[in-house]
Amino acid sequence: MTETTFTPPTRFAVPGRIAVGRQTAAAWQRAVITEIRRETPRVSTFRFAVPGWQGHLPGQHLILRLTAADGYTAQRHYSLASPPDDTGHIELTLDHVDDGEVSGHLHTVARTGDTVEVRGPLSGFFAWPGDRPALLIGAGSGVVPLMSMLRHHRLRRLTVPLRLFVSARTAEDLIYAAEYGDETTPVLTREGARRHLAADHLAPCFTPGAPAWEAYVCGSNAFAEHASRLLVDLGQPVERIRIERFG
């Protein structure tokens, strides 16, 4: 997730229908950076060893805390990119936000072997337990929690249907591009067809006999509003749309 203001998961983004997911308490745990991978020119994945990690559900997030030598602390919410099957390790995929206090440190200062603190997992509302068909829609770094779901689906060889639509400006900005398969439809807004996510992208998921989807939408406020309205117009029940958004 990006480092800017985090909004807890909500249902369909229309005034009067917002329901905040519950967050569970957890203790701070020591996390050691074991690997840093570049995903795009401005996005990197940070892999951490967290021996005491109790596991998570795909779609959950955590709080990461940095502490300076003088005791000053800074913390941010980030979605988990790794599947729950990766025992003892977690991965976070972060934008390098301009003037970002936490992401800036991780992108420009942090090295393997460095230690941070994490607390979580948090929020069960946006989590996908893998027991129902999943229609995943993300934009930019909004794909991060959805990738946890996709990776879990693959590792467990789940048979429930899963489809992913991911919007990015260009192919270079497409996070996790090398991992996508037939289940994924990239939508590039400033390259190729230069189109934003539209009804005709999603319509094949709503033909007669289509699965009863649980829809997960993650992205900016504007993207979440747009994608959720497309879903409702295509017949997706409002109560089966889960939204995580940031701005």
Visitor: Check R154 with D85, please: is the shortest side-chain N to carboxylate O separation under 4.0 Å?
Guide: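 No, D85 and R154 are not salt-bridged.
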Visitor: Does D182, at its CG atom, have more than 12 non-hydrogen atoms belonging to other residues, nucleotides or ligands within less than 6.0 Å?
Guide: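 No, CG of D182 has 12 or fewer neighbouring heavy atoms, counting only those of other groups under 6.0 Å.
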Visitor: Would you say D70's side chain and Y72's backbone share a donor-acceptor pair under 3.5 angstrom?
Guide: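 Side chain of D70 to backbone of Y72: a pair is present.
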Visitor: Given 3.5 Å as the limit, does a donor-acceptor pair link the side chain of E91 with the main chain of F48, or not?
Guide: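 Such a contact is absent between E91 side chain and F48 backbone.
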Visitor: Can you list the steps and then say if L188 with T170 is a side chain to side chain contact (heavy atoms under 4.5 Å, CB included)?
Guide: CA-CA 5 Å; L188 303 180; T170 68; 5.7 Å; no
Visitor: Answer yes or no: does atom CD of Q54 have more than 12 heavy-atom neighbours from other residues, nucleotides or ligands under 6.0 Å?
Guide: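 Count not over threshold, so no.
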Visitor: If you compare all heavy atoms of P161 against all heavy atoms of H153, which two are closest, and at what distance to 0.1 Å?
Guide: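 Scanning both residues, the minimum pair turns out to be C-NE2, 4.5 Å.
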Visitor: Within 45 degrees of the ring normal and closer than 6.0 Å to the centroid, is that where the cationic atom of R242 sits relative to F125?
Guide: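 Cation-pi check for R242 and F125: passes.
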Visitor: Minimum heavy-atom separation for P121 and L80, please, with both atom names.
Guide: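 Here P121 and L80 meet closest at CB-CD1, 4.4 Å.
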Visitor: Taking L66 as the starting point, is it possible to reach V118 by hopping between hydrophobic residues whose side chains are less than 4.5 Å apart?
Guide: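 Yes, same cluster.
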Visitor: Return yes if some donor-acceptor pair links the side-chain N/O of D233 with the main-chain N/O of L230 below 3.5 Å, else return no.
Guide: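 Checked: no pair found.
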Visitor: Would a single hydrophobic cluster contain both M147 and L158, if residues Ile, Leu, Val, Met, Phe, Trp and Tyr are joined by side-chain heavy-atom contacts under 4.5 Å?
Guide: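 Hydrophobic grouping puts L158 with M147.
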Visitor: Look up atom CG in L57 and atom CE in M149, then write down how far apart they are to the nearest 0.5 Å.
Guide: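 The CG atom of L57 sits 9.5 Å away from the CE atom of M149.
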Visitor: Indicate the atoms forming the closest heavy-atom contact of L231 with L135, along with that distance.
Guide: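 What the structure gives for the nearest pair is CD2-CD2, 3.7 Å.
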Visitor: Take atom CZ of R132 as the centre, draw a 6.0 Å sphere, and report whether it contains more than 12 heavy atoms from other residues, nucleotides or ligands.
Guide: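 Atom CZ in R132 is packed in, count exceeds 12.
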Visitor: Could you tell me whether the side chains of T40 and D173 share a donor-acceptor contact shorter than 3.5 Å?
Guide: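 The answer is no; no qualifying pair exists.
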Visitor: Excluding sequence neighbours, so at least two apart, what forms side chain to side chain donor-acceptor pair (under 3.5 Å) with E117?
Guide: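 R65.
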Visitor: Any side-chain donor-acceptor pair under 3.5 Å between T45 and T93?
Guide: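 Short answer, yes.
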Visitor: Quick one: list whatever passes side chain to side chain donor-acceptor pair (under 3.5 Å) with D200, sequence neighbours left out.
Guide: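 Side chain to side chain donor-acceptor pair (under 3.5 Å) check on D200 returns R195.
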Visitor: Could you state the interatomic distance from CG (L92) to CG (L62), rounded to the nearest 0.5 Å?
Guide: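 Those atoms lie 5.0 Å apart.
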Visitor: According to the ring pair (Phe, Tyr, Trp, His ring centres under 6.0 Å) rule, which pairs have a member within residues 93-118, sequence neighbours left out?
Guide: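 Every ring pair (Phe, Tyr, Trp, His ring centres under 6.0 Å) pair that includes a residue of residues 93-118, provided the two are not neighbours, is F46-H107, H96-H107.
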Visitor: When hydrophobic residues are tied together by side-chain contacts of less than 4.5 Å, even through go-betweens, does L155 share a cluster with W128?
Guide: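 They do not share one cluster, since no chain of ILVMFWY contacts under 4.5 Å joins L155 to W128.
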Visitor: State whether the side chain of R38 and the backbone N or O of P41 hold a donor-acceptor pair below 3.5 Å, judged by distance alone.
Guide: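 Yes, R38 side chain to P41 backbone: donor-acceptor pair under 3.5 Å.
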Visitor: Would V232 and I241 count as a side chain to side chain contact (heavy atoms under 4.5 Å, CB included) if you check the C-alpha gap in whole Å, the side-chain angles of each, and the deciding distance to 0.1 Å?
Guide: CA-CA 9 Å; V232 170; I241 299 175; 3.7 Å; yes
Visitor: Please check: side-chain N/O of S148 versus main-chain N/O of S82, any donor-acceptor pairing under 3.5 Å?
Guide: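 Checking the backbone N and O of S82 against the side chain of S148, a donor-acceptor pair under 3.5 Å is found.
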Visitor: For a side chain to side chain contact (heavy atoms under 4.5 Å, CB included) check, start with the C-alpha distance between Y216 and I243, then their side-chain angles and the critical distance, and finish with the verdict.
Guide: CA-CA 6 Å; Y216 294 81; I243 299 172; over 6 Å; no
Visitor: Identify whether the distance between the nearest side-chain nitrogen and carboxylate oxygen of R163 and E183 falls below 4.0 Å.
Guide: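 No salt bridge links R163 with E183.
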Visitor: In Å, rounded to the nearest 0.5 Å, how long is the span from CD of E191 to CG of L174?
Guide: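 CG of L174 is found 9.5 Å from CD of E191.
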Visitor: Main chain of C205, side chain of W213: is a donor-acceptor contact present, judged purely on distance under 3.5 Å?
Guide: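 Flag set: sc W213 to bb C205 pair under 3.5 Å.
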Visitor: Looking at every non-hydrogen atom in both residues, tell me the closest pair between V144 and A81 and how far apart they are.
Guide: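 Distance-wise, the nearest heavy atoms are CG1-CB, 3.7 Å.
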Visitor: Please report the interatomic distance OG(S167) to CD1(I137), rounded to the nearest 0.5 Å.
Guide: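 Here the rounded value is 10.5 Å.
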Visitor: Would you say the side-chain atoms of E244 and S79 include a donor-acceptor pair closer than 3.5 Å?
Guide: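 Indeed, the side chains of E244 and S79 share at least one donor-acceptor pair under 3.5 Å.
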Visitor: Could you tell me whether R190 atom CZ has more than 12 heavy atoms of other residues or ligands within 6.0 Å of it?
Guide: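 It does not: R190 CZ has 12 such atoms or fewer within range.
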Visitor: Would a distance-only check, ignoring hydrogens and angles, find a side-chain to backbone donor-acceptor pair under 3.5 Å from Q60 to F126?
Guide: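 Flag not set: sc Q60 to bb F126 has no pair under 3.5 Å.
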Visitor: Looking at E35, is its backbone amide N or carbonyl O close enough to the side chain of R37 to form a donor-acceptor pair, meaning the two atoms are under 3.5 Å apart?
Guide: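 Side chain of R37 to backbone of E35, a donor-acceptor pair under 3.5 Å: no, none is there.
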Visitor: Is R151 salt-bridged to D86, going by a charged N under 4.0 Å from an acidic O?
Guide: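 No, this pair does not count.
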Visitor: Could you state the interatomic distance from CZ (R76) to CG (L64), rounded to the nearest 0.5 Å?
Guide: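 Reported value, rounded in 0.5 Å steps: 10.0 Å.
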Visitor: Hey, what do you get for OG1 (T207) to CG (L234), rounding to the nearest 0.5 Å?
Guide: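 One gets 11.0 Å once the value is rounded to the nearest 0.5 Å.
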Visitor: Answer yes or no: is there a donor N or O on one side and an acceptor on the other, between the side chain of T108 and the main chain of G104, under 3.5 Å?
Guide: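 Flag set: sc T108 to bb G104 pair under 3.5 Å.
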Visitor: Check the surroundings of atom CD in E172: do more than 12 heavy atoms from other residues, nucleotides or ligands lie under 6.0 Å from it?
Guide: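 No, not enclosed.
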Visitor: Applying the 4.5 Å side-chain criterion to the ILVMFWY set and letting contacts propagate, would V32 and I90 be lumped into a single cluster?
Guide: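 In one cluster: no.
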Visitor: Closest approach of P145 and S141, non-hydrogen atoms and distance?
Guide: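 Residues P145 and S141, closest heavy atoms: CD-O, 4.3 Å.
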Visitor: Starting from L202, can I reach V217 by hopping between I/L/V/M/F/W/Y residues whose side chains sit under 4.5 Å apart?
Guide: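 V217 and L202: one cluster.
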Visitor: Please name the pair of heavy atoms, one in G140 and one in I175, separated by the smallest distance, quoted to 0.1 Å.
Guide: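 Taking every non-hydrogen atom into account, O-CD1, 3.8 Å.
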